[in-house]
Amino acid sequence: CRRRRRGALPRSGRHTRRRVRRSFRGPERECRRVSHPRFLRLGPAMGGGTPRSAKSVAKGSGGASKRKKVSDAGGDGDVASGSGSGDAKRARREKDTVVTVGKQTSGIKNKIARSELYGKLKHHKALERKKKRVARQKEEERALAAGETPKPRQVPKTIENQRVRDETFVEAGDEEVAEEDAEDEFASYFSQSTSPKVIITTSRKPSGEMFKFLENLFTVVPNAYYYARRAYTVQEIQKHAATRGFTDLLVFNENKKFSHGARVNGLLHVHLPEGPTCLYRLSSLVLTKKIKNHGRATNHYPELILNNFSTRMGHRVGRMFASVFPQRPEFNGRRVVTFHNQRDFIFFRHHRYIFETRLGKKRQHQGHLATAEVPEEDVETRGRFGKGKKDKALEKK
Amino acid sequence: MSVEDLERRVRLLCTDELGVVRVAEAAGRSKIDDLAFAKRWGDADRSRRVVRCRAGEDGDGAGDALGGQGTCAAAGWLALGRNDGTAEVIDTATGGDVGGGALDIGGVPVGVQVFGPGAGREGARLVTVTDAGEAAVYDAACDAARDDGSLASRLAPLRVVQEWSPAAKWKACDAALVARASPRARLLAVGGKGQGNDLKVYDVETRKVWYKAKPPPENWLGYRAPPYVSAMEFVPGNDGKCVLVGTGERRVRLYDARADKRAVMDLEVGETTVTALALNAQGTFAFVGNAKGQLQTVDLRERKVFAKFKGVQGSVRSIAPHPDGEPLVAVAGLDRYLRVYHTETRKCLGSAFMKQALSGCAWDVRGPETEFAAAAAEAA
């Protein structure tokens with residue numbers, strides 16, 4: 001596992017011990033932790049010692065020691081690295097005592113016998129889990145029927161909800177934020193006194209791919225103008241655009257590699273005349289034509305949705321995006337542009353929605369957001385009419 | 001609570017992009033990790049944002065006999081230069097004007113410095129330079145509350161009783177980006193961007209160029225970058241003869257007027273424009289901060305880049321070493337945080353979120369000293 005990934009062991013061949021459970025996620029993780037009986041020995045040096053804060057251990061140990069904790073977790077391990085964070089070690093030890101199916105079957109050498117037993121044990125486990133789940137649901141129903149408050153549901157721990165809300169988070173009604181917003185570069189757009197006028201240009205010598213992308217882009221951004229890049233520097237374009245009354249400059253960059261063709265991969269957003277500049281990396285662009293059953297854009301001003309721009313910097317970036325679009329959404333156009341910020345990525349979507357009446361119930365359909373496998377900024381310029389996820393279009397309010 | 005339990009508070013003043021002066025406080029030197037935003041003075045007005053801020057300096061250039069630079073009378077003053085072309089001096093204890101009133105200096109200030117009464121001068125002196133290169137020196141009489149040796153009189157606030165009246169005005173350069181006055185306001189150094197705006201040091205009395213820096217030799221490409229002075233400081237302990245300059249091309253140069261017109265030291269420090277420079281009290285170390293948030297120290301005796309300070313996430317706007325020689329340095333960054341580092345261990349001892357992008361910071365040693373003295377007198 002770890003050694004194989006590092007390249008020390010060959011992937012397959014005479015010298016490997018092929019594990020059956022390669023198709024399951026679970027055993028891989030186990031393998032990382034308890035791949036060899038030798039590594040399980042957590043001696044007295046591990047649990048005891050002066051408790052240290054988790055932070056100091058993480059910092060003091062560093063990358064090398066992290067590996068040490070895992071692979072040389074034996075008694076001969078560093079007392080310093082081991083004795084720290086006694087709580088964390090104890091928690092892990094408890095988890096290690098849960099006997100997994102993999103552990104129960106790992107001793108069997110015969111592949112067929114092992115996989116049979118594995119399947120059986122897994123099936124039993126699934127049945128247990130189902131029983132527990134049904135019991136839990138029944139209990140909840142019973143409590144609700146009896147009028148008591150049901151037991152609180154378990155909330156899975158995700159990286160997002162472990163995030164600590166520190167002081168840079170924007171709280172509702174913060175005076176400082178209001179003060180800053182009243183006078184920053186974007187204030188005039190939100191008070192309707194200025195209207196955006198966007199100039200769009202490219203890197204030098206753009207290819208056909210870039211123009212296809214720009215065609216899509218012009219359906220998204222209202223009041224946008226294209227100017228050829230020629231050989232101007234960004235500073236020159238900025239100066240000329242500012243004198244002609246433009247409010248935003250978008251420079252799209254393209255990477256032209258012969259091997260896989262041209263790819264639009266960057267965006268430089270300059271707010272004119274002197275405003276903030278942001279440089280973005282673009283990926284996972286999906287053009288209109290590629291989307292099945294895509295709808296048709298109209299000229300209505302879109303509604304803007306800005307999700308999760310929650311810190312001071314995020315707030316400012318969100319306002320910068322918002323200043324590109326006119327602040328007079330025409331809701332009868334049912335057109336939405338969404339910027340969804342999540343873990344340092346911003347997902348972009350341009351779509352339309354429809355209200356559909358069926359069986360007397362008013363249900364709102366909309367294009368669902370990009371699936372989880374798409375990690376980077378995604379430009380899908382059409383929505384789908386299909387079963388949508390929980391309504392996000394109204395979350396903005 | 002005995003006198004030993006009392007601890008002087010740690011107080012720092014920051015100026016921000018909305019023209020507000022913010023105060024960060026910690027209960028004591030040992031509790032500096034609790035450094036937090038305490039209060040603010042002034043109204044938010046972006047057109048009046050503070051562009052330059054500098055703690056007042058003693059007229060004698062070395063602090064008075066009873067205390068260090070931090071506790072001298074003029075250290076209770078903070079000179080502010082605002083974007084609408086006004087300069088003012090405020091009291092660090094209350095945030096109110098010291099007495100001279102807001103002064104219109106005719107352009108966006110690139111340097112404001114106030115000096116207290118000292119050798120050869122009875123009143124306070126304010127030196128300003130605008131971005132158009134106009135230098136001006138203003139004088140005003142001070143309250144004659146001279147110390148009679150007692151602690152109370154030494155810590156009494158010094159007030160300016162007149163309006164600032166211009167004593168001298170001249171054009172220092174075409175376009176200035178930074179300007180600094182030497183201790184005792186004898187010399188004025190200006191620097192900017194573009195040809196003809198390299199470092200120039202003027203004698204304030206005669207208003208003539210006293211030292212003009214020569215550009216560095218061409219590099220191996222035959223190229224010499226045009227002058228771009230983005231940060232500047234006089235090296236203490238040399239009576240204004242040495243100037244440390246940070247440029248827009250990542251270089252830090254030391255000019256010695258006694259030695260040569262060319263830079264005596266020319267180091268590459270950091271990756272972008274040098275935005276802030278500061279020197280320790282002895283003049284042996286320089287703190288260099290740049291637009292990327294990199295903060296490094298340069299050993300001026302060894303003439304080498306020495307160490308890095310980690311943690312600043314935005315451009316370093318201002319660096320303020322502790323005026324009384326304690327091993328602390330405060331850094332105000334564009335990431336809205338004010339951080340205090342220990343100069344020897346380079347650890348960030350405390351950081352305070354100041355809510356707005358900062359443009360300058362200064363230590364207030366005099367205020368906590370006054371409080372401490374009052375509390376000690378009460379306890380005793």
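A, B, ... follow the sequence lines: proteins, then strands. Residue 1 opens every chain. The basis for the numbers below is simple: all heavy atoms, side chains too, and nothing from hydrogens, waters or symmetry mates.
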Mind checking which of residues 333-342 of chain B sit less than 4.5 Å from chain A, heavy atom to heavy atom?
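Listed by number, the contacting residues are Arg336(B), Tyr337(B).
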More than 12 foreign heavy atoms under 6.0 Å from [atom1] of [X]: is that the case here?
| X | atom1 | answer |
| --- | --- | --- |
| Lys157(A) | NZ | no |
| Lys308(B) | NZ | no |
| Asp43(B) | CG | no |
| Arg343(A) | CZ | no |
| Phe306(B) | CZ | no |
| Glu268(B) | CD | yes |
| Glu175(A) | CD | no |
| Lys193(B) | NZ | no |

Rounded to the nearest 0.5 Å, what separation is found between the [atom1] atom of [X] and the [atom2] atom of [Y]?
| X | Y | atom1 | atom2 | value |
| --- | --- | --- | --- | --- |
| Glu17(B) | Glu180(A) | CD | CD | 9.5 Å |
| Arg40(B) | Glu179(A) | CZ | CD | 4.0 Å |
| Phe353(B) | Glu176(A) | CZ | CD | 8.5 Å |

Heavy-atom check, side chain of Arg312(A) versus side chain of Lys355(B), under 4.5 Å:
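Yes. Closest side-chain heavy atoms under 4.5 Å.
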Among the options Thr168(A), Asp174(A), Asp166(A), pick out the one with the most heavy-atom pairs lying under 4.5 Å from chain B.
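Option with the greatest count: Thr168(A).
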Given a strict heavy-atom distance threshold of 4.5 Å, which part of Asp184(A) is in contact with chain B: side chain, backbone, both, or neither?
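Interface part for Asp184(A): both.
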Looking only at heavy atoms, which two atoms of Leu18(B) and Glu183(A) are closest? And how far apart?
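Heavy atoms of Leu18(B) and Glu183(A) come nearest at CD2-OE1, 3.7 Å.
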